[in-house]
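Data first, discussion second: the structure below is written as structure tokens.
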Amino acid sequence: MTTVGIWVPGAGVIEMPDGTTLRGRGLQRPLPEGALPTFGLYLLGKEPATMDWETQWLEWLDFGLPRDTKAASDAFVEAHRRARFERVEIACGGGRGRTGAALACIAVIAGVPPHAAVDYVRRRYHPRAVETPFQRRFVRRFQN
């Protein structure tokens, strides 16, 4: 059971250093049991299917980088802001590369130095998060 706006620790849930929690996942996998998100940021090459909660789509091809880096930065800031009071989900197809990169950028917003953000997410979310050298460089150069 969750309290309003906060994920209970579990599969895919990562706590940021400022106490916000977000859930990362792969859309190719079944929806986890438990509370539903109240907001989802979806990182895909094409617009996702309709969900039963509010969503935002960020155009981002698999193994690549966001098509619009300003829109990505704005989306990460918004997801972090909403995670203080809502159950926010970040997801791509597999739940590792794009999702991991987005979570690492949100970790920077939450206070992790950019050079340490990939390791932070790999330790707390998934050991293979942020799959490509381009994604790792994107995180290292991310500025809030």
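Values in this document were obtained by computation on a predicted structure and should not be read as measured data.
- A pairwise comparison of heavy atoms in Phe76 and Cys105 identifies CD1-CB, 3.5 Å as the closest pair.
- Contacts of Glu54 classified as side-chain hydrogen bond (donor to acceptor under 3.5 Å, both in side chains), with partners at least two apart in sequence or in another chain: Arg82.
- Partners of Asp18 according to the salt bridge (charged side-chain N to carboxylate O under 4.0 Å, His left out) rule, which considers only residues two or more places apart in sequence or in another chain, do not exist here.
- Expressed to the nearest 0.5 Å, how far OG1 of Thr38 lies from CG of Asp52 amounts to 13.0 Å.
- Two residues are said to be in side-chain contact when any heavy atoms from C-beta on lie closer than 4.5 Å; Pro32 and Arg23 meet this criterion.
- Thr132 has its side chain out of reach of Phe138: every pair of non-hydrogen atoms, C-beta onward, lies at least 4.5 Å apart.
- Closest heavy-atom contact between Gly64 and Gln135: O-NE2, 3.2 Å.
- Of the candidates Val130, Leu22, Thr99, Thr99 is the only one forming a side chain to side chain contact (heavy atoms under 4.5 Å, CB included) with Tyr125.
- Counted within 6.0 Å of CZ on Arg128, heavy atoms from surrounding residues, nucleotides or ligands total 12 or fewer; the atom is thus considered open.
- In terms of heavy atoms, Arg87 sits closest to Leu36 at NE-O, 2.7 Å.
- Between Ala117 and Ala104, the shortest heavy-atom distance links the atoms CB-O, 3.4 Å.
- Note that the CZ atom of Arg96 and the CG atom of Asp62 stand 11.5 Å from one another [nearest 0.5 Å].
- Nearest heavy atom pair, residue Trp57 against residue Lys46, reads NE1-O, 3.3 Å.
- The environment of CZ in Arg67 is sparse: at most 12 heavy-atom neighbours from other residues, nucleotides or ligands sit within 6.0 Å.
- Contact annotation: the side chain of Ile109 approaches that of Phe142 to within less than 4.5 Å [non-hydrogen atoms, C-beta and beyond].
- In this structure, the separation between CD on Glu89 and OH on Tyr42 is 3.5 Å, given to the nearest 0.5 Å.
- No donor-acceptor pair closer than 3.5 Å links the side chain of Arg98 to the backbone N or O of Cys92.
- For the residue pair Ile90 and Ala79, the shortest heavy atom distance occurs at CD1-CB, 4.0 Å.
- Within the model, atoms CZ of Arg81 and CD of Glu86 stand 7.0 Å from one another, a figure rounded to the nearest 0.5 Å.
- Distance check, rounded to the nearest 0.5 Å: CG of Asp68 to OG of Ser73 gives 10.0 Å.
- Looking at Glu78 and Val88, their side chains never come closer than 4.5 Å, going by heavy atoms from C-beta outward.
- Taking CZ of Arg136 as the start and CD of Glu131 as the end, the distance is 9.5 Å to the nearest 0.5 Å.
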